[in-house]
Amino acid sequence: GTPGAGKSTLARELALSLCLHHYELDAIYWGENWERCDDDVFDATLSTLCRSDCWIADGSYPAVIDLMKQRSEFLIWLDLPLYISLPRVILRTMDRLIHRKVLWNNNRESLRRALATDGMIPYAVFHHRRNRALARSIWETFEGRKFHIKNTNEMAQMIEKLKALHMPERTNSRETA
């Protein structure tokens, strides 16, 4: 989904509900001082993380789309319109700025960064159509189970469907004396 669609929020909720490891791609991609991760390092890191049986990842980075498609059983496309996602991006950015929230790898948003040409707010506006087209192409070529969420009401229904699907049992091993 596009920025502000709710990818990270939904992924955290699903990971908690379904006892899955959660990988936020932004946390892996962005190093200290907003340094971008090298594509080969990004790919190798995700390749290692995705070897486990049960996980969920959120984000859509072109460098790792093929890897993620190969290793995923489910794809959830949060396809919300710009009039819903843009206010979310603006509110999230304002919250991060006002409260000086620490993000991945000790990064913080700044007003200058948020409003810069490649900042999150302009990016959300000017790349919305391109990001939707990319998501559609991923959707059309994905061979696993797919969920296409077009509004906020569909999210709760999708969560219930996923909980009902057969998921591998996760057990806690305990030694007894």
Side-chain angles (χ1 to χ4, degrees), residues 1-15 22-31 34-43 45-47 49-50 55-97 101 103-105 107 109-159 162:
T2 60
K7 298 178 299 294
S8 297
T9 301
L10 180 62
R12 276 191 300 273
E13 184 176 336
L14 287 174
H22 174 219
Y23 304 120
E24 190 172 359
L25 299 189
D26 283 338
I28 299 166
Y29 184 76
W30 292 108
W34 297 104
E35 281 292 319
R36 289 179 165 89
C37 186
D38 177 73
D39 285 349
D40 292 334
V41 173
F42 193 41
D43 185 52
T45 302
L46 285 176
S47 189
L49 294 174
C50 296
W55 53 270
I56 187 168
D58 69 82
S60 56
Y61 285 84
V64 294
I65 286 172
D66 288 337
L67 170 70
M68 300 303 289
K69 282 173 42 178
Q70 292 168 3
R71 303 267 175 101
S72 301
E73 292 180 43
F74 300 93
L75 174 67
I76 302 168
W77 178 14
L78 299 181
D79 186 18
L80 301 181
L82 186 60
Y83 69 84
I84 292 176
S85 60
L86 181 59
R88 289 178 174 184
V89 170
I90 293 169
L91 290 172
R92 177 181 69 196
T93 301
M94 295 303 295
D95 181 59
R96 289 174 175 176
L97 289 169
K101 290 190 176 179
L103 304 174
W104 325 276
N105 300 309
N107 291 314
E109 288 197 42
S110 68
L111 186 58
R112 182 182 350 179
R113 180 168 178 77
L115 297 176
T117 308
D118 63 344
M120 187 50 63
I121 294 171
Y123 180 86
V125 173
F126 299 118
H127 294 276
H128 185 79
R129 185 174 287 158
R130 182 185 64 109
N131 288 340
R132 285 190 73 229
L134 174 62
R136 181 175 307 285
S137 71
I138 295 166
W139 173 265
E140 290 171 349
T141 59
F142 184 74
E143 296 178 7
R145 292 184 183 182
K146 302 186 271 192
F147 298 89
H148 188 180
I149 307 301
K150 298 176 190 167
N151 61 59
T152 53
N153 294 331
E154 291 178 355
M155 283 191 206
Q157 295 169 3
M158 185 271 316
I159 291 170
L162 276 177

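None of the values given here were measured: they were computed from a predicted structure. As a basis for the values below, the full set of heavy atoms in this structure was taken, side chains included, without hydrogen atoms, waters or symmetry mates.
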> Kindly write out the residues that satisfy side-chain hydrogen bond (donor to acceptor under 3.5 Å, both in side chains) with Arg132, not counting sequence neighbours, or none if the list is empty.
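Only Asp79 meet the side-chain hydrogen bond (donor to acceptor under 3.5 Å, both in side chains) criterion with Arg132.
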> To the nearest 0.5 Å, what is the distance between NE2 (His148) and CD1 (Ile76)?
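Rounded to the nearest 0.5 Å, the NE2-CD1 separation comes to 12.5 Å.
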> Apply salt bridge (Lys or Arg N to Asp or Glu O under 4.0 Å) to Arg71 and list each qualifying residue two or more places apart in sequence or on a separate chain.
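Arg71 satisfies salt bridge (Lys or Arg N to Asp or Glu O under 4.0 Å) with no other residue.
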> So, for Trp55 and Ser72, which heavy atoms are closest and what is the spacing to 0.1 Å?
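Closest approach of Trp55 to Ser72, heavy atoms only: CH2-OG, 3.5 Å.
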> For Glu140, I'd like to know if atom CD has over 12 heavy atoms of other residues, nucleotides or ligands within 6.0 Å.
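Check passes, neighbour count above 12.
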> How long is the span from the CG atom in Leu75 to the CD1 atom in Ile138, to the nearest 0.5 Å?
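Those atoms lie 7.5 Å apart.
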> Answer yes or no: are there more than 12 heavy-atom neighbours, outside Arg12 itself, under 6.0 Å from its atom CZ?
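Yes, enclosed.
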> Can you tell me how far apart CG (Leu67) and CG (Asp43) are? Round to the nearest 0.5 Å.
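It is 5.5 Å, given to the nearest 0.5 Å.
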> Output side-chain donor-acceptor pairs under 3.5 Å for residues 34-41, partner residues at least two apart or in another chain, one line each.
{"from": "Trp34", "atom 1": "NE1", "to": "Arg108", "atom 2": "O", "distance (Å)": "3.2"}
{"from": "Asp38", "atom 1": "OD2", "to": "Asp40", "atom 2": "N", "distance (Å)": "3.1"}
{"from": "Asp38", "atom 1": "OD2", "to": "Val41", "atom 2": "N", "distance (Å)": "3.4"}

> Who passes ring pair (Phe, Tyr, Trp, His ring centres under 6.0 Å) against Tyr123, sequence neighbours left out?
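Tyr123: ring pair (Phe, Tyr, Trp, His ring centres under 6.0 Å) contacts with His127.
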> From Ile65 CD1 over to Met68 CE, what is the distance, rounded to the nearest 0.5 angstrom?
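Separation between the atoms: 10.0 Å.
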> How close do Leu134 and Ser137 get, counting heavy atoms only, and between which atoms?
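Closest heavy-atom pair between Leu134 and Ser137: O-OG, 2.8 Å.
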> For a side chain to side chain contact (heavy atoms under 4.5 Å, CB included) check, start with the C-alpha distance between Glu13 and Met155, then their side-chain angles and the critical distance, and finish with the verdict.
CA-CA 11 Å; Glu13 184 176 336; Met155 283 191 206; over 6 Å; no
> Which distance, rounded to the nearest 0.5 Å, do you find between the CD of Gln70 and the OG of Ser47?
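So the CD of Gln70 and the OG of Ser47 are separated by 9.0 Å.
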> Thr93: which residues meet the side-chain contact (heavy atoms from CB on, under 4.5 Å) condition with it, sequence neighbours left out?
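Counting only residues at least two positions away or on another chain, Thr93 forms a side-chain contact (heavy atoms from CB on, under 4.5 Å) with Val89, Leu97, Glu109, Ala114, Ile121.
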> For Lys7 and Gly1, indicate whether the former's side chain and the latter's backbone hold a donor-acceptor pair under 3.5 Å.
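Checked: pair present.
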> Determine whether Leu82 and Thr2 satisfy the following criterion, side chain to side chain contact (heavy atoms under 4.5 Å, CB included), listing intermediate values before the conclusion.
CA-CA 9 Å; Leu82 186 60; Thr2 60; over 6 Å; no
> If the condition is salt bridge (Lys or Arg N to Asp or Glu O under 4.0 Å), which residues does Lys101 pass it with, not counting sequence neighbours?
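For Lys101, the residues satisfying salt bridge (Lys or Arg N to Asp or Glu O under 4.0 Å) (neighbours in sequence not counted) are Asp95.
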> In terms of ring plane angle, is the pair Phe42 and Tyr61 parallel, tilted or perpendicular, where the classes change at 30° and 60°?
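Perpendicular: the ring planes of Phe42 and Tyr61 meet at over 60°.
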> In terms of heavy-atom contacts, does CZ of Arg112 have more than 12 from other residues, nucleotides or ligands at under 6.0 Å?
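Incorrect, the count does not exceed 12.
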> Within the side chain of Asp26, is there an N or O that forms a donor-acceptor pair under 3.5 Å with the backbone of Gly59?
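No, Asp26 side chain to Gly59 backbone: no donor-acceptor pair under 3.5 Å.
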> Grab the two heavy atoms, one from Ala27 and one from Asn105, that are nearest each other, plus how far apart they are.
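Looking at all heavy atoms of both residues, the closest pair is O-ND2, 3.2 Å.
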> Over all heavy atoms of both residues, which pair between Ser8 and His22 is shortest? Give the atoms and the distance, please.
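Of all heavy-atom pairs spanning Ser8 and His22, the closest is O-CE1, 4.3 Å.
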> For Lys150, look at atom NZ and say whether over 12 heavy atoms of other residues, nucleotides or ligands are found less than 6.0 Å away.
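No, not enclosed.
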> I need the Trp139 CH2 to Trp77 CH2 distance, nearest 0.5 Å.
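Output value for this atom pair is 7.5 Å.
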> Provide the closest heavy-atom pair for Leu80 versus Ser85 in the form atom of the first, atom of the second, distance.
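Closest pair (atom of Leu80, atom of Ser85, distance): O-OG, 4.4 Å.
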> Looking only at atom types and distance, does a side-chain atom of Ser110 sit under 3.5 Å from a main-chain N or O of Arg113, one as donor and one as acceptor?
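Yes: the side chain of Ser110 pairs with the backbone of Arg113.
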